[in-house]
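Okay, so here's the structure we're looking at.
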Amino acid sequence: MTIRIYNSYTRKKEDFKPISNKKVRMFVCGPTVYDFSHLGHARTYIAYDVIAKWLRYKGFDLFYLMNITDIDDKIIKRAKENNEDPIKLARRFEEYFFKDMASLGIDTINLYARASEHIPEIIDQIKRLIEKGFAYVTKTGVYFDVSKFEDYGKLSHQDPEELKRHRIEPDPNKRNEQDFSLWKRRKEGEPYWDSPWGEGRPGWHIEDTAIAEKYLGQQYDIHGGGADLIFPHHEAEIAQMESVSGKKPMVRYWLHTGFLKVKGKKMAKSLGNYITIRDALKKYDAETLRLFFLSTYYRSPIDFYEEKIEQAKRALEALQRTVDNIKELNKRVDGLTEYEKTLEKIIEESRRGFEDAMDDDFNTPLALSHLFNLAREVNKLFNKQKDVNKRLADKLIATFKELGGIFGLLQKEGINEELPEELRMLIEKRKILKEKKDWKAADEIRKRLEDLGIILEDTPQGVKWKRKSS
RNA sequence: GCCGAGGUGACGGAACCAGGUUACGUACCCGCCUGCAGAGCGGGUUUAUAGGGGUUCAAAUCCCCUCCUCGGCUCCA
C-alpha cells in the first residue's frame, strides 16, 4: 500500500512519492547542544526514528541526516557562565546527546553534521544569496531580505504583513524588521571564522540549509522537526534554499511532531518541570518510554504524567510476557491443531492491520492495537494447549520481534539467568510439597523466595520464576 | 491582536481527511481457570464523543455558533 503522509505545508494527507523512486532523503532538525536533552527531544526523535524504521521496512532506501547546532547564542552564553570554551561545551553536550539517543534505541540516523564543520558551505550559500540579491550586508552582519521572497510565511500560513507587527527591538540596520540573520559579525569573546564579510559566525537557519544542500541536494523528500520550529526556523529555511536554487519546493513533505507538556504546562526550566532524558531513564527503561510516546499519534500533543508512564509500563510487561511465554512453551514438530491454524491466519491479519495503520501517516497507536490483539490470541492458545507447533512458535516470535522492532520494543532477550543452587533446591522442594498437597509448607517457600525478590508462578506449563520488578 | 492545536469512558488514547458496530491499553469489579496467589481468558464499570443548532435515512466524523484548555507570533524538538 502507498504510504500517506500529513504534510504541514498543505495541511493534508498526501500519497508519499519520493523524488527518485525508492531513494528517500530525510532531514530532521537536531538539537542545539548547550544542555542535557529533555523528554521533548526524546518524543520528537523517537517519532522520526520510527518513521525511518517504517520507511526502511517498506523497502525504501532512506538516507536520514541530522544536523547538530554547535554554534549558537545559547551555547556562547552558557559557556561564558561556565567559563568554558564554547566549542568544548558543545562537544560535551553533543556526547551526552548521542548517549541519550543510543539509550533510547534511536539508531536510524545515517549522518550527524555539525554546523561548525560546514562553515565553507555556509559561506558559499550566503555568497550566492547576496549575488542573487536576496541578502545584504550591514555593519552587524548579513541578512536575508524577506521582501524579496514572496512565499515567506507560506509554511506557517502567516501573512508577512502580520509578521511585521509584533517584533521586538527593531534593528535599524535591517531593511525589513523580519529579516533574519545569515552571518553575525564577531563580538568579543565569541568563536569566529573568516568570511568575505569579516570575522563572525553563521546564523541559525543557514546552518541547516547549507548542510542539507551538501548531503541531500537542493530538493529532497522529507524535512522534520518539532512543531515549534515551523516559525521562524523552517520558514527561513525555505526562503534561503528556494532563493538559492530557484527550485520549488525545497522539500516535498514537511513533518512536525506535537509538543510535549508536563502536567499541562510547557516544559521549561523556569517552571521547574524540565525532565532530562537521562533522569527519565533512571526511572523507566527505554522501551517503556518508547511505548509511552508511541501510544499517542506523533502529531498530537502529549501531556506527561508519571501515572501514564506506569500504564505504559504495565502494558509493555504484558506484551513481553506473552512473547516470553511462547519461547518457553514446549515445541512439537507435527501438524497444526485447529486453534493453531486459526492463529496462523490471525498473524497475517495482525501484520496487515499493523501495516495499514503505519501506512496511514504513521498511526502508531492503531498499529500497536494490532500487536495487542495478536498477543491476546496467543494467550488464548496458552489456555488451550500445553505445547505448540514449533514452526508456528517461531513465526509468532519473529512477528513480534519484527513489528515490535519497528517501535524499538520487545527487543530484549529473556534473561537466561541461572538461579543459585540454594534457591533452585527450594523451588524443587516446593514442587514435591505441592505434589503431596502440603499447601502450607509450599506457600511458606513461595513467601520466602518472594522476600528474596523471586516471584514464583505456577502455570500449566510448570513453575516459572522472575525477579520482582522495581 | 494575529496564527495554530485540542476538548472522547475511572484514566490514557484511536477512529474524524474518505459520515453507518466508541478500537486498543491501564485501573477496578464479577466469572472461568487455579489448592491458593499470579498470569491468562470472558463479561462488566451508572448517559464516554464539551454545549447548542443545522445538513442527512444515519454525525465523534460535515457546516454554523458558544464555552473551555493549550501552544506559536522572541531562543526552543
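First the proteins, then the strands, lettered A, B, ... as listed; each starts at 1.
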Has the side chain of A:K13 got a donor or acceptor that lies under 3.5 Å from a partner of the other kind on the base of B:rC17? yes
Which part of the nucleic acid, if any, lies within contact of A:K261, taking any heavy atom under 4.0 Å across all strands shown: a base, the sugar-phosphate backbone alone, or nothing? sugar-phosphate
Would you mind reporting whether A:S37 and A:R278 have side-chain heavy atoms less than 4.5 Å apart? no
What does B:rG25 pair with, Watson-Crick or G-U, if both distances are under 3.5 Å? B:rC11
Would you measure the distance from the P atom in B:rC62 across to the matching atom in B:rC17 and give it in whole Å? 5 Å
May I ask you to say what A:F372 touches in the nucleic acid, namely base, sugar-phosphate or nothing, with a heavy-atom cut-off under 4.0 Å? sugar-phosphate
Pairwise P distance, B:rG12 and B:rG7 [rounded to whole Å]: 12 Å
Nearest to the side chain of A:K308 - B:rG12, B:rG40, B:rU26? B:rG12
Look at A:R4 and B:rA18 and indicate whether a side-chain polar atom (N or O) is within less than 4.0 Å of OP1 or OP2. no
Measure from the side-chain heavy atoms of A:F259 and tell me the nearest of B:rG38, B:rA77, B:rA27. B:rA77
Touch class at under 4.0 angstrom, heavy-atom based, for A:I230 against every strand present: nothing
Tell me what A:L229 touches on the nucleic acid: a base, only sugar-phosphate, or nothing, going by heavy atoms under 4.0 Å. sugar-phosphate
Nucleotide nearest A:D443 (side chain, heavy atoms from C-beta), chosen from B:rC36, B:rG42, B:rC17: B:rC36
Indicate, yes or no, whether a donor-acceptor pair under 3.5 Å links the base of B:rC75 to the side chain of A:D72. no
In whole Å, measure the gap between the P atoms of B:rU8 and B:rA50 for me. 7 Å
Between B:rC16 (C1') and A:Y6 (OH): distance, integer Å: 13 Å
Distance below 4.0 Å between A:S300 side-chain N/O and B:rA14 OP1 or OP2: yes
Parallel, tilted or perpendicular: which one describes the rings of A:Y274 and A:H38, with boundaries at 30° and 60°? perpendicular
Quick one: are A:I302 and A:F292 in side-chain contact, heavy atoms under 4.5 Å? yes
Identify, between A:D73 and A:S369, the residue whose nearest nucleotide on RNA chain B lies closer to the 5' end. A:S369
From the list A:R25, A:E14, A:K17, A:H223, side chain to side chain contact (heavy atoms under 4.5 Å, CB included) partner of A:R252 resolves to A:K17
Go through B:rA14, B:rC17, B:rG42 for me and flag the one nearest to the A:T296 side chain. B:rA14
Regarding the side chain of A:N379, the nearest nucleotide among B:rG35, B:rC24, B:rG40 is B:rG40
Taking only the side-chain heavy atoms of A:A318 (C-beta and beyond), determine which of B:rC17, B:rU26, B:rA14 contains the nearest atom. B:rU26
Which atom pair, heavy atoms only, marks the closest approach of A:E235 to A:L155? OE2-N, 3.1 Å
Once you apply a heavy-atom cut-off of 4.0 Å, does A:R43 come out as touching a base, just sugar-phosphate, or nothing? nothing
For atom CD of A:E328 and atom C1' of B:rA39, their distance in whole Å: 12 Å
What contact category does A:N7 fall into here, base, sugar-phosphate, or nothing, at under 4.0 angstrom with non-hydrogen atoms? nothing
Tell me which nucleotide among B:rC73, B:rU26, B:rG38 gets nearest to the side chain of A:A315. B:rU26
When you measure from the side chain of A:R446, which nucleotide among B:rG4, B:rC36, B:rC73 comes out closest? B:rC36
Quickly work out the A:H370 NE2 to B:rG13 C1' distance and round it to whole Å. 14 Å
Any strand, both distances under 3.5 Å, Watson-Crick or G-U wobble: B:rC41 pairs with B:rG31
Rounded to the nearest 0.5 Å, the NZ atom of A:K380 sits from the CD1 atom of A:I346 at a distance of 7.0 Å
What contact category does A:K437 fall into here, base, sugar-phosphate, or nothing, at under 4.0 angstrom with non-hydrogen atoms? nothing
Assign A:Y297 to base, sugar-phosphate, or nothing according to its heavy-atom contacts below 4.0 angstrom with the strands shown. sugar-phosphate
Below 3.5 Å, does any donor atom in the side chain of A:Q311 face an acceptor in the base of B:rC11, or the other way round? yes
Under 30°, 30 to 60°, or over 60°: which ring-plane class applies to A:F36 and A:F93, parallel, tilted or perpendicular? perpendicular
Rounded to whole Å, please give me the gap between CD in A:E435 and P in B:rG35. 13 Å
By nearest atom, which of the nucleotides B:rA15, B:rC41, B:rA18 is closest to the A:N363 side chain? B:rA15
If pairing requires Watson-Crick or G-U wobble contacts with both distances under 3.5 Å, which nucleotide is the partner of B:rC57? B:rG20
Considering only atom C1', compute the distance from B:rG53 to B:rA59 and round it to an integer number of Å. 13 Å
Rounded distance in Å - CG (A:L294) to P (B:rA14): 12 Å
Once you apply the 3.5 Å cut-off to both distances, tell me the Watson-Crick or G-U wobble partner of B:rC73, or none. B:rG1
Out of B:rU26, B:rA18, B:rC41, which has the shortest distance to the side chain of A:R376? B:rC41
Check every strand shown and say whether A:T322 touches a base, only sugar-phosphate, or nothing at a heavy-atom separation below 4.0 Å. nothing
Tell me what A:H38 touches on the nucleic acid: a base, only sugar-phosphate, or nothing, going by heavy atoms under 4.0 Å. base
With a 4.0 Å cut-off on heavy atoms, is A:F292 in touch with a base, just the backbone sugar-phosphate, or nothing at all? nothing
A:E207 CD to B:rA77 C1', in whole Å, measures 15 Å
Parallel, tilted or perpendicular for A:H234 and A:H256, by the 30°/60° rule? tilted
Across the strands shown, which category fits A:L456 at heavy-atom distances under 4.0 angstrom: base, sugar-phosphate, nothing? base
For atom CD1 of A:I445 and atom P of B:rG38, their distance in whole Å: 20 Å
When the distance from CG of A:D458 to P of B:rA37 is rounded to whole Å, what number comes out? 12 Å
A:E444 bridged to A:K447 by N-O distance under 4.0 Å: no
With a 4.0 Å cut-off on heavy atoms, is A:G30 in touch with a base, just the backbone sugar-phosphate, or nothing at all? sugar-phosphate
Using the P atom on both, measure B:rU56 against B:rU61 and round to a whole Å. 16 Å
Think A:K380 has a side-chain N or O under 4.0 angstrom from the OP1 or OP2 of B:rG42? yes
For the C1' atoms, the ones on B:rC2 and on B:rG13, what distance do you get once it is rounded to whole angstrom? 32 Å
Please state the C1' separation for the pair B:rC67 and B:rG31 - nearest whole angstrom. 44 Å
Students often get this wrong, so: under 4.0 angstrom with heavy atoms, is A:G40 touching a base, only sugar-phosphate, or nothing? base
Comparing nearest nucleotides in RNA chain B, the 5'-proximal residue of the pair A:G258, A:N325 is A:N325
Which value, in whole Å, describes the distance between the P atoms of nucleotides B:rC11 and B:rC28? 15 Å
What class does the angle between the rings of A:Y220 and A:F27 fall in, given that below 30° is parallel, 30 to 60° is tilted and above 60° is perpendicular? tilted
